[in-house]
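Read the numbers this way: they start at 1 and go in the same order the structure lists the ligands and their atoms.
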Amino acid sequence: MTDTDLGLALPLPVASAELEDRLARRRSAPAQALSRPGPSREQVARILELGARTPDHGKLFPWRFVVLGADSRAKLAEAFTPLAQNQPQPDKARAVLGKLTAAPVTILVISSPVPSQKVPVWEQQLSAGAVCMNLEHAAAALGFSTSWITDWYSYDADALALLGLTEGEQVAGFIHIGTLAEPPLERPRPDLSVKVDYRD
Ligand SMILES: Cc1cc2nc3c(=O)[nH]c(=O)nc-3n(C[C@H](O)[C@H](O)[C@H](O)COP(=O)(O)O)c2cc1C
């Protein structure tokens, strides 16, 4: 899809039992269980291209990505380690850094609201969340498992500076991508009878 495709008629949805089944049984991975193979550089680019096809009010594209390979995440985990001391449970905060470094590839999704008279920041942040979910679907389409994590370092000012976030930006998620050796186990799902109000 390029700018020259603007205005091109896109296909209408067609029922797909395969897609329906995959959505019905999709499940995140435990981050620490994600191992190789991960997506190649070309596959990461494709995952980003698909993931960024996400609704956002006003076409502001109020998010950006940082693709983190193993080396950059190892350095981040090292730099975050002394910051764990400031957390209420330092040992636990240090331990969860293992989730940051396990997967072959990670896409950091940064909510980056754009000044707008028309579109509230909340809606721009929702779009960043939608991008995270869409990246997970895109990675799944290419045969990879994912884990969407934030953890304490997404809310620590010093850690955010190390990640390169600027004023007004927030971490929407670290999308860890790789392959699971064992199938994930089902978890509780919401009782929709108490969540849905059908109205005529
Ligand atoms: C915004 C957001 C942040 C999350 N942060 C964490 C986290 O820091 N640590 C964690 O263990 N799980 C975290 N999770 C939960 C995992 O993504 C979890 O694997 C997921 O909710 C499982 O959902 P699924 O079974 O539908 O795939 C987060 C989820 C979301 C949506």
Run the side-chain donor-acceptor check on residues 161-168: report pairs under 3.5 Å with partners two or more places apart or on a different chain.
from : atom 1 : to   : atom 2 : distance (Å)
T166 : OG1    : E169 : OE1    : 3.2

Would you say the side-chain atoms of R73 and T106 include a donor-acceptor pair closer than 3.5 Å?
-> yes
Among L108, I110, L135, find the residue that satisfies the side chain to side chain contact (heavy atoms under 4.5 Å, CB included) test when tested with F65.
-> L135
Keeping the roles fixed (side chain from R27, backbone from L185), state whether a donor-acceptor pair exists under 3.5 Å.
-> yes
Output for ligand 1, non-hydrogen cut-off under 4.0 Å, lists R26, R27, S28, K99, W148, I149, T150, D151, R187, R189
Of all pairs that satisfy ring pair (Phe, Tyr, Trp, His ring centres under 6.0 Å), the ones with a partner from residues 69-107, not counting sequence neighbours | F80-Y153
With T101 via side-chain hydrogen bond (donor to acceptor under 3.5 Å, both in side chains) - residues at least two apart | none
